[in-house]
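Below, read A as the first sequence line, B as the second, and so on, with proteins coming before strands; counting in each chain starts at 1. Computed over heavy atoms, backbone and side chain alike; hydrogens, waters and symmetry mates excluded.
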2 protein chains.
Amino acid sequence: MTRPEPRSAAYAAGPPTLADVAELAHVSRQTVSNALNNPDLLRPDTLERVQAAIAALGYTPNRAARNLRTRASHLIGMRFTPAQEGTANATMDRFVHSLVEASREAGYHVLLFAGHGGDALEGYDDLLRSTAVDAFVVTDTYLGNPQATWLEERGAPFVAFGRPWDQPEATHPWVDVDGAAGARMATEHLLAAGHERVAWIGWRKDSTIGEDRRSGWSGAMRDAGLPTTGLASRVEDTVASGAQAAAVLLDEARPSGFVCASDTLAMGVLHALGERGLAPGRDVAVVGFDDSQVAQVIPGGLTSVRQPLEQVAVEIVTALSGLLSHPPAPGPNTLLAPTLALRGTA
Amino acid sequence: MTRPEPRSAAYAAGPPTLADVAELAHVSRQTVSNALNNPDLLRPDTLERVQAAIAALGYTPNRAARNLRTRASHLIGMRFTPAQEGTANATMDRFVHSLVEASREAGYHVLLFAGHGGDALEGYDDLLRSTAVDAFVVTDTYLGNPQATWLEERGAPFVAFGRPWDQPEATHPWVDVDGAAGARMATEHLLAAGHERVAWIGWRKDSTIGEDRRSGWSGAMRDAGLPTTGLASRVEDTVASGAQAAAVLLDEARPSGFVCASDTLAMGVLHALGERGLAPGRDVAVVGFDDSQVAQVIPGGLTSVRQPLEQVAVEIVTALSGLLSHPPAPGPNTLLAPTLALRGTA
DNA sequence: GTGAAAGCGCTAACAA
DNA sequence: TTGTTAGCGCTTTCAC
């Protein structure tokens with residue numbers, strides 16, 4: 001004890017420390033620490049006295065000191081990429097909030113960092129080497145990016161939102177949403193409503209996640225004994241591309257319904273329908289993907305596949321907790337089923 | 001120096017420490033520290049040798065240790081509230097990313113926390129007392145919430161996104177967007193296009209921010225010598241409310257244009273127009289507020305007032321840096337002008 | 001310009 | 001059950 005006089009809350013030059021609590025409760029610093037971390041070790045009356053002192057001073061352990069000692073920050077790092085302008089993609093907002101909430105319940109906070117221009121890895125490297133975070137949540141695995149591999153090589157704990165499509169040798173934990181099941185659900189919904197010519201507008205072939213969703217559509221069509229030839233289009237994820245693809249399909253294949261890989265593409269379809277005076281939902285059915293705000297607020301609403309992001313976040317934090325426990329207890333990877341948000345277009 | 005043998009990067013049991021670098025460069029630990037924090041103090045050749053060692057080991061200072069010593073975390077805390085489902089409000093996503101980016105340039109990271117159910121203050125209190133963050137960014141001042149006052153009482157450094165409308169005695173730094181100027185800009189745009197009966201659909205009167213925006217509309221109308229009687233409506237921020245308000249106004253006041261306090265309300269107007277077979281932009285002009293994804297992707301696009309969130313973030317971080325420097329240098333509060341994103345509806 | 005010593009606030013190991 | 005000792009990795013005096 002080097003500090004000459006203890007600081008009361010009223011005269012605090014800074015937040016109270018363990019020593020202040022100890023002095024007030026007439027115990028040693030270690031006993032206060034135990035009261036916090038191993039309350040079972042204390043005699044009930046001592047514990048009570050210490051807790052009273054803690055409450056009286058409004059004491060909360062200093063994070064930096066605790067982090068230094070325990071070699072843990074209780075921080076989860078995540079690279080935050082904003083929704084692209086001009087698209088309807090908006091899963092991030094919902095996911096981040098879910099992650100923050102789920103992390104809190106597990107005693108963690110979420111630290112955001114940006115991809116430093118070209119080098120996405122730099123942010124990870126910095127945080128890792130400075131031991132600023134305990135683990136990462138990697139969200140953009142679908143880009144075929146090297147982050148997962150890179151982190152795995154370094155033995156950095158992380159959980160991916162998204163399966164390691166391109167890395168069959170990957171062994172890291174992941175949580176994902178079954179996109180194929182989502183597209184199948186959407187397609188079967190249209191088939192059940194009597195549609196027979198259901199078209200697909202998806203992403204370019206190099207998008208594994210897009211191909212996965214597409215397989216849900218083609219599988220459902222095949223299972224129903226319906227042809228798919230000429231009914232599919234692979235384009236960029238923009239409204240204009242969706243509109244253009246829809247126009248071509250309407251001319252050449254006369255579909256009565258569209259299932260799309262994204263709400264952005266679905267908006268393109270609505271655009272194309274509008275230009276032909278066709279009413280979405282009545283003349284032609286449309287289903288999007290992601291249940292974005294756009295799907296929710298456009299007149300009539302856009303039927304869309306909704307990812308259970310809250311559940312994804314919970315599973316990710318569970319996996320993370322397992323990973324960070326001693327000894328590490330990697331849980332099973334989980335594949336969650338999406339739901340279909342029914343609205344006016346289907 | 002208690003560690004028996006230095007750890008090379010190859011045999012690292014953990015990340016290298018200052019001592020490892022010192023040993024490799026044949027200098028003392030303090031010299032390495034100086035090389036990092038006060039390079040001017042070193043002789044060029046020593047500096048070079050130390051830097052080589054740092055690079056060789058891939059050394060990055062341990063955050064927890066540095067934080068403990070310097071009593072700073074280089075973390076900025078922010079309460080993250082997700083966009084409400086069923087609305088078009090989506091400023092958070094863009095703002096958070098801008099903040100992360102601006103913070104990075106100033107050497108900070110962003111730590112997110114959730115409002116613990118009812119008690120929004122709890123999250124702030126925890127982080128503050130555990131000295132987990134250096135400062136806060138407070139975004140939801142418009143709710144008339146007590147956070148700003150609460151933080152100010154405790155002398156906690158923070159910058160608000162939003163003026164302290166309800167607290168005239170507040171002296172904390174803030175950055176805001178001039179909502180009145182935005183609504184005025186939108187209104188004047190319609191007036192310049194020949195509209196004379198421009199209606200306003202805004203929020204309830206207890207929303208100061210809503211009243212501010214409304215004043216931009218009414219001011220522009222007054223300046224143009226036009227009447228506003230019967231041309232305004234105050235409703236809840238939902239699509240349904242917007243649609244209902246638009247329907248009433250169309251029946252009773254025959255406006256040729258609408259300016260709305262949000263894109264959500266503007267979508268309601270589009271809804272109402274659609275039901276009457278009126279074409280947005282051609283028959284009736286509509287302007288929203290926030291330039292959400294919805295505004296960007298609906299067929300034809302929704303003209304909307306766009307907040308300069310990137311700039312807001314930069315100003316906030318600037319203010320924060322001033323606040324956290326020694327001695328604190330509070331900058332001037334800044335009020336930024338929005339722009340008008342012109343699209344099909346106006 | 002460089003090195004030695006001290007200590008930030010906490011917790012792990014051990015002693016009493 | 002409680003207290004003592006040591007030290008996490010870093011930076012800040014202060015000698016040299």
Side-chain angles (χ1 to χ4, degrees), chain A residues 1-4 6-7 12-23 25-51 53-54 57 59-74 129-132 134 326, chain B residues 1-4 6-7 12-23 25-51 53-54 57 59-74 129-132 134 326:
Chain A
M1 182 80 189
T2 43
R3 179 175 301 137
R7 307 180 289 204
T17 73
L18 208 70
D20 298 325
V21 177
E23 177 134 338
H26 300 295
V27 293
S28 74
R29 309 212 315 270
Q30 185 51 42
T31 302
V32 179
S33 176
N34 283 338
L36 254 33
N37 303 310
N38 300 86
D40 307 341
L41 294 181
L42 299 206
R43 222 173 32 212
D45 61 322
T46 314
L47 178 59
E48 195 171 337
R49 207 167 68 243
V50 173
Q51 286 175 334
I54 288 174
L57 294 176
Y59 170 74
T60 306
N62 179 295
R63 287 266 188 167
R66 172 174 277 182
N67 292 350
L68 177 58
R69 189 62 240 234
T70 61
R71 302 172 165 285
S73 65
H74 286 266
R129 293 196 312 194
S130 61
T131 61
D134 291 347
H326 302 288
Chain B
M1 180 82 187
T2 42
R3 181 176 299 139
R7 308 179 288 203
T17 72
L18 208 69
D20 297 327
V21 178
E23 177 134 337
H26 300 295
V27 293
S28 73
R29 307 211 313 272
Q30 300 63 27
T31 302
V32 180
S33 178
N34 283 336
L36 254 33
N37 304 310
N38 301 87
D40 306 340
L41 294 180
L42 298 206
R43 223 173 32 212
D45 60 323
T46 314
L47 179 59
E48 196 172 334
R49 208 168 66 245
V50 173
Q51 286 174 334
I54 288 174
L57 294 176
Y59 169 75
T60 305
N62 178 296
R63 287 267 189 167
R66 171 173 278 183
N67 292 350
L68 177 58
R69 190 63 239 237
T70 60
R71 301 172 168 287
S73 65
H74 286 265
R129 292 197 312 193
S130 61
T131 61
D134 291 347
H326 302 289

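For B:Ala65, taking side-chain heavy atoms from C-beta onward, the closest of the listed nucleotides C:dG9, D:dG9, D:dT2 is D:dG9. Closest to the side chain of B:Ser33, out of C:dG9, D:dT11, C:dG3, is D:dT11. Between D:dT12, C:dG9, D:dC10, one nucleotide has an atom nearer to the side chain of B:Thr70 than all others, and that is D:dT12. In this structure, of C:dA4, D:dG3, D:dG9, it is D:dG3 that holds the atom nearest to the side chain of A:Ser28. For A:Arg66, taking side-chain heavy atoms from C-beta onward, the closest of the listed nucleotides D:dC10, C:dT2, C:dC10 is C:dC10. Counting only heavy atoms from C-beta on, A:Gln30 has its side chain closest to C:dA12 among C:dA12, D:dG9, C:dC10. Nearest to the side chain of A:Thr46, among C:dC10, D:dT1, D:dC10, sits D:dT1. The nucleotide whose nearest atom lies closest to any side-chain atom of A:Arg29 is, among D:dA6, D:dT11, D:dT2, D:dA6.
Side-chain polar atoms of B:Thr131 and A:Asn62 form a donor-acceptor pair below 3.5 angstrom. Neither side chain, B:Asn34 nor B:Gln30, offers a donor N or O lying under 3.5 Å from an acceptor on the other.
Among the heavy atoms of the strands lying under 4.0 Å from A:Asn37 are primed sugar atoms or P, OP1, OP2 only; no base atom is included.
Rounding to whole angstrom units, CG of residue A:Leu18 and P of C:dA12 are separated by 12 Å. Residue B:Arg69 contributes atom CZ, which lies 12 Å from atom C1' of C:dG9 at whole-angstrom precision. Here D:dC14 presents its P atom at 16 Å from CG of B:Leu41, a figure rounded to the nearest Å. One can place CG of A:Leu68 at 4 Å from C1' of D:dC8, the figure rounded to the nearest angstrom. C:dC10 atom P lies 6 Å from atom CG of A:Asn62, rounded to whole Å. Per the geometry, CD belonging to A:Glu48 stands 17 Å off P belonging to D:dT1, to the nearest Å. The separation between A:Asp20 atom CG and C:dC8 atom C1' is 14 Å, rounded to whole Å. Atom CG of A:Asn38 is separated from atom C1' of C:dA13 by 13 Å (rounded to the nearest Å).
Between A:Val32 and the choices A:Asp20, A:Asn37, A:Val27, the side chain to side chain contact (heavy atoms under 4.5 Å, CB included) rule is met once, by A:Val27.
Between A:Thr31 and D:dT2 there is no side-chain N or O to OP1 or OP2 distance below 4.0 Å. Checking the phosphate oxygens (OP1, OP2) of C:dG9, no side-chain nitrogen or oxygen of A:Arg63 falls inside 4.0 Å. Contact between the side-chain N/O atoms of A:Arg71 and the OP1/OP2 oxygens of D:dG9 is found at a separation under 4.0 Å.
Rounded to the nearest 0.5 angstrom, A:Leu18 CG and A:Thr31 OG1 are separated by 9.5 Å.
Looking only at distances, a side-chain donor or acceptor of B:Ser73 sits under 3.5 Å from a matching main-chain atom of B:Ala132.
Nearest-nucleotide positions on DNA chain C for A:Val32 and B:His26 put B:His26 closer to the 5' end.
Here the shortest heavy-atom pairing between B:Pro15 and A:Arg129 reads CB-O, 3.9 Å.
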